[in-house]
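Down below is the structure, laid out as structure tokens.
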Amino acid sequence: MERARITGEGPDGHEHVVRVVSRRRRHERVVCDTCGYSRWSLIDAGGKAERHLTESHEVEDARWEHSPQWWLGVAIGLVVFVAFLFSPYGFFH
């Protein structure tokens, strides 16, 4: 599932795209659609994606786009957490 897409324009005017893809458990993959760069990451995959854009493609201003699926997962997680808090086993029982 694609979690985020980081895009930016290089000095030559070409748009570069790096995607952060969620895979197994907490592992995320950083994939560059421009040059084929691909790395696994346990922490800070977004930072690695931005670093790749600035160092390899000389992008100065990177734009983040979060996937709607990612936002939906966060919303469902918050609803479940609040429901647990008010359940008989939660904090506010």
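All values below come from the heavy atoms of this structure, side chains included, with hydrogens, waters and symmetry mates left out.
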As a quick check of understanding, evaluate side chain to side chain contact (heavy atoms under 4.5 Å, CB included) for V74 and Q69, giving each step before the final call. CA-CA 9 Å; V74 169; Q69 297 163 342; over 6 Å; no

Should H16 and T7 be marked as a side chain to side chain contact (heavy atoms under 4.5 Å, CB included) after you check the CA-CA gap, both sets of side-chain angles, and the distance that decides it? CA-CA 6 Å; H16 301 280; T7 60; over 6 Å; no

Verify side chain to side chain contact (heavy atoms under 4.5 Å, CB included) between Y37 and V31, making sure each step is shown before the conclusion. CA-CA 6 Å; Y37 172 86; V31 180; over 6 Å; no

Criterion salt bridge (charged side-chain N to carboxylate O under 4.0 Å, His left out) on E15 and R63, from CA distance to verdict: CA-CA 11 Å; E15 184 178 45; R63 294 178 304 278; 3.4 Å; yes

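For V30 against A45, the heavy-atom pair with the smallest separation is CG2-O, 3.5 Å. Nearest heavy atom pair, residue W40 against residue K48, reads O-NZ, 4.2 Å. Taking each heavy atom of W64 and G46 in turn, the nearest pair found is CH2-CA, 3.3 Å. Closest non-hydrogen pair, F84 versus Y89, comes out as CZ-O, 3.9 Å.
In this view, R39 satisfies the salt bridge (charged side-chain N to carboxylate O under 4.0 Å, His left out) rule with no residue, not counting sequence neighbours.
Note that CG of D12 is 8.5 Å distant from CD of E58, once rounded to the nearest 0.5 Å.
For the residue pair H57/H14, the side-chain donor-acceptor check at 3.5 Å is not satisfied. In the model, R5 has no side-chain atom that pairs as donor or acceptor with a side-chain atom of S67 under 3.5 Å.
Side chains of C35 and H52 form a contact here, defined as non-hydrogen atoms less than 4.5 Å apart. Counting heavy atoms from C-beta on, the side chains of S38 and R29 come closer than 4.5 Å. Side-chain atoms of I6 and V17, non-hydrogen and from C-beta on, never get closer than 4.5 Å to each other. A 4.5 Å side-chain heavy-atom check between E28 and V21 finds every atom pair outside the cut-off. Looking only at side-chain heavy atoms (C-beta outward), D33 and R19 come within less than 4.5 Å of each other. At least one side-chain heavy atom of H66 sits under 4.5 Å from a side-chain heavy atom of W71.
Residues F86 and V80 fall into different hydrophobic clusters, defined by Ile, Leu, Val, Met, Phe, Trp and Tyr side chains chained together at heavy-atom separations under 4.5 Å.
Under the 3.5 Å distance criterion, the side-chain polar atoms of T54 are left unmatched by any main-chain donor or acceptor of V59.
Within a 6.0 Å radius of CD1 in I43, other residues, nucleotides and ligands contribute 12 heavy atoms or fewer.
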